[in-house]
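Below is one structure; the comments refer to it alone.
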Amino acid sequence: MKKLLLSILFFIGGLFVVDRLGGMVMQWINVNTHDVLGPKFKYIHDEIHEDVVMLGASRCHHHYVSSIISDSLGMSVYNCGLQGSENIYSHYVTLNLILERHTPKVVCLELMPSDFDVNEDSFAKLCYFAPYFGYSERADSVFQLGGLYWKYKISHLYRYNAKATSNIAGLIVSRQKGDDHGYIPAKESSISVGEIVEAPDITDIDEQKIHYLHLFAKLCRENGIRLVFTVSPKYIAVGPSFYDVLRNVAHEENVPFLDYHTSGLFQDRPDLFRDDKHLVDKGARLYSSVFAHDLKKALRVGERNN
Amino acid sequence: MLFNSIAFLLFFPIVCVLYFCIPANHTRLRNLMLLIASYYFYMNWEPAYALLLLTSTIVTYLAALGIDRYDDVKKKKACLVSSIVLNLAILFLFKYYNFLGSNIETLLQACGADISVPEFGLLLPVGISFYTFQALGYSIDVYRGTTKVEHDFATYALFVSFFPQLVAGPIERSNNLLPQFKTKHTLDYDTVMSGARLMVWGFFMKLVMADRCGLFVDIIFNNVEHHNGGSFLVASLLFPFQIYGDFAGYSLIAIGVARILGFRLMDNFNRPYFACSVGEFWHRWHISLSPWFTDYVYIPLGGNRVSRVRNYFNLFTTFAVSGIWHGANWTFVFWGMIHGALLCVEKALGIGKKKFTGFSKFVHWLLTFIMVCFAWILFRANNLSDAITIITGIFTNMGMPASEYATYMSVAMALSVLLFKEMKDEFGWNIHISESRYWLVRHLYLIIMTAYILLFGVLDGGQFIYFQF
């Protein structure tokens, strides 16, 4: 029995030491990797200083060409779009990480159906943010909501679980090709987009996500940030009421809502899409010009109203 | 409850403490505690399905008592047949009814009759094929007189529901497991450590190897219309390791958990991908299932004490039945039939009995591996049409596979560790890490493997593939 207890204690103690040491090594790798997400997270956390930040998931990452928007607005722009930042919980964490050291003037939030629909795995992709656990109380509250708080609190190694291999690979191979202040063009695909399909309206609305959309807007307001909701083009047809939920939140929060999906922008140009949700570089550049023009107008209208 | 869940990490230590707190000579009390724990473990999925487990237990228990009680062969047979019919009826209703219904519907529609067969809208109870087979095996063994009847209901119920092997095996034989419920098990340091080593290696196989492979395999096999032959080929080469890691991982955890409690479950895998023939593969893969089919299907059909043609038919039929046991889908039937056909060919050529060496061994190993991988495509494909798309895609639409380089790297790392361990065991290399004679090395192995799992494992509680069978 004594022998067994000694073994158990040694195992727990040894695992604790290895976990902490491994966590330190993985933190170093996370900071020095040239993978897709690592450098962006590092920039968001340590260096961001731009006036305008674009927030969202992979569609934001591949759709907003920072230099084009910056030229048009005359303001510095950084595209904080993160692959895997799939809903409002992740965007809320990102905004809080930014606010720890910098307050931008404008935040454009690219939204998707996953920002308001009911989904079993709503917190699954929060694991990408785990290396930044413990940096912001408000961000940590989202980990708590997703049931991840204690896992990250107990194990430092586990915080790097989601991106461990790609972070290590990113030490050898850079995946930052074509970086333009956070914008990275989508890879070309050999398979062309097929016939356009129509998506039905989403009726199952997640009230907790709506609450977080309001919290996001409130946080921006409290920090004097001008918030804009946007939905970039998709090669999927939707009805006019598809984004009514977002439109209502935008209306309640007095936030401009630039919706290019319902309006069907580029749906006659399949050559601009890599797949039904992502534009190719050419499409992103065209879209960024249109968006920058409209954003300028929306900000001017906002200024006049204030 | 899944082995790879936080709930199990809490459940198992509590069970261990309670079990060993009961004095070793109070075996009935210990068994009762394990029985309650086993039902709690099972009811975590769907409490109502515990009734099916209980029904199967009661039916086979009573049938065995009847077989033992009556001297009249007809009455004995009646008891056995009622046990088999009732158990298979439950299995059929939950697992095969919808499959049969949809096939009849398709057939009728092809004949021009627009008749729809009503669907049975209940979920498949987890592990139903495993515990049904284990319980049926007991009835048949009692009938044959190869095992003694168990009079104590609680002990027998524990034999059917013993939580480590309840939902995905190993499918235990009554003459191995039942006597163990009557012996005293003491907390033994070496046994606990050996169980812990098996568990850690099982978790590695499941969480690091199988689930990482699964991330890629599932994307490809679930969206065949979006991928090319290159991706199909890579997915088809990764799936054999996914299913091996998944199933062997589960078996190792099950064996490890049971061993810590003092029980010895049978081995279920013996480095199957080192097999040099399909026959040898089946002596190394799902070891607890093969004897079941041999004893209760192949031999009753006549086994090999019949004409050559009839023997091939028996072999082929047994594997086709084994295929349908795995799942209610034509893909499983064809998978079983491919294995059956390959075994018939091997038997005709006399390959099964030959011992290979040198280059010949390498060629046979490679051919076996390719054939087994090919058959796995049918096993994994969602339907026959997808399987055909994948197989033709590999030969006609070759291109660069999907660039999931992080997955490739994870899998390569995990496979390297697996390959080293398997080669060490297969070729008897004199390297001892997990079983080193040095206390520190053995413990460092456990610590480093656990840390490796924490960093590279898929820890979101994914299901084990064999739970669906």
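Just so we're clear, the structure is a prediction, and the values are computed from it rather than from any experiment. Below, chains carry the letters A, B, ... as their sequence lines are ordered, and counting in each starts from 1.
Atom NZ of Lys153(A) has 12 or fewer heavy atoms from other residues, nucleotides or ligands within 6.0 Å. Remark: Tyr189(B) OH is packed, more than 12 non-hydrogen atoms of other residues, nucleotides or ligands lying under 6.0 Å away. Counted within 6.0 Å of NZ on Lys277(A), heavy atoms from surrounding residues, nucleotides or ligands total 12 or fewer; the atom is thus considered open. Around the CZ atom of Arg20(A), the shell of radius 6.0 Å holds more than 12 heavy atoms that belong to other residues, nucleotides or ligands.
Heavy atoms closer than 4.5 Å to chain B are found in both the backbone and the side chain of Ser7(A). Using a 4.5 Å cut-off between heavy atoms, Ile453(B) touches chain A through its backbone atoms (N, CA, C, O) alone. Residue Leu455(B) touches chain A through both its backbone and its side chain, counting heavy-atom pairs closer than 4.5 Å.
To the nearest 0.5 Å, the span separating NE2 on His226(B) from CG on Asp275(A) amounts to 9.0 Å. Considering CZ of Phe456(B) and CD1 of Ile168(A), their distance stands at 4.0 Å, rounded to 0.5 Å.
In terms of modelled atom types and a separation under 3.5 Å, the side chain of Asn161(A) and the main chain of Leu454(B) share a donor-acceptor contact.
For Leu15(A) against Ala451(B), the heavy-atom pair with the smallest separation is CD1-N, 4.0 Å.
Chain B forms the most heavy-atom pairs under 4.5 Å with one residue out of Gly23(A), Ala124(A), Gly170(A), Ala169(A), and that residue is Ala169(A). Ranking Val18(A), Leu157(A), Asp19(A) against chain B, the residue ahead of the rest is Leu157(A), based on heavy-atom pairs under 4.5 Å.
Contact check for Thr165(A) versus Tyr408(B): no side-chain heavy atoms found under the 4.5 Å cut-off.
Scanning residues 439-446 of chain B against chain A with a 4.5 Å non-hydrogen threshold yields Trp439(B), Leu440(B), His443(B), Leu446(B), sorted by number.
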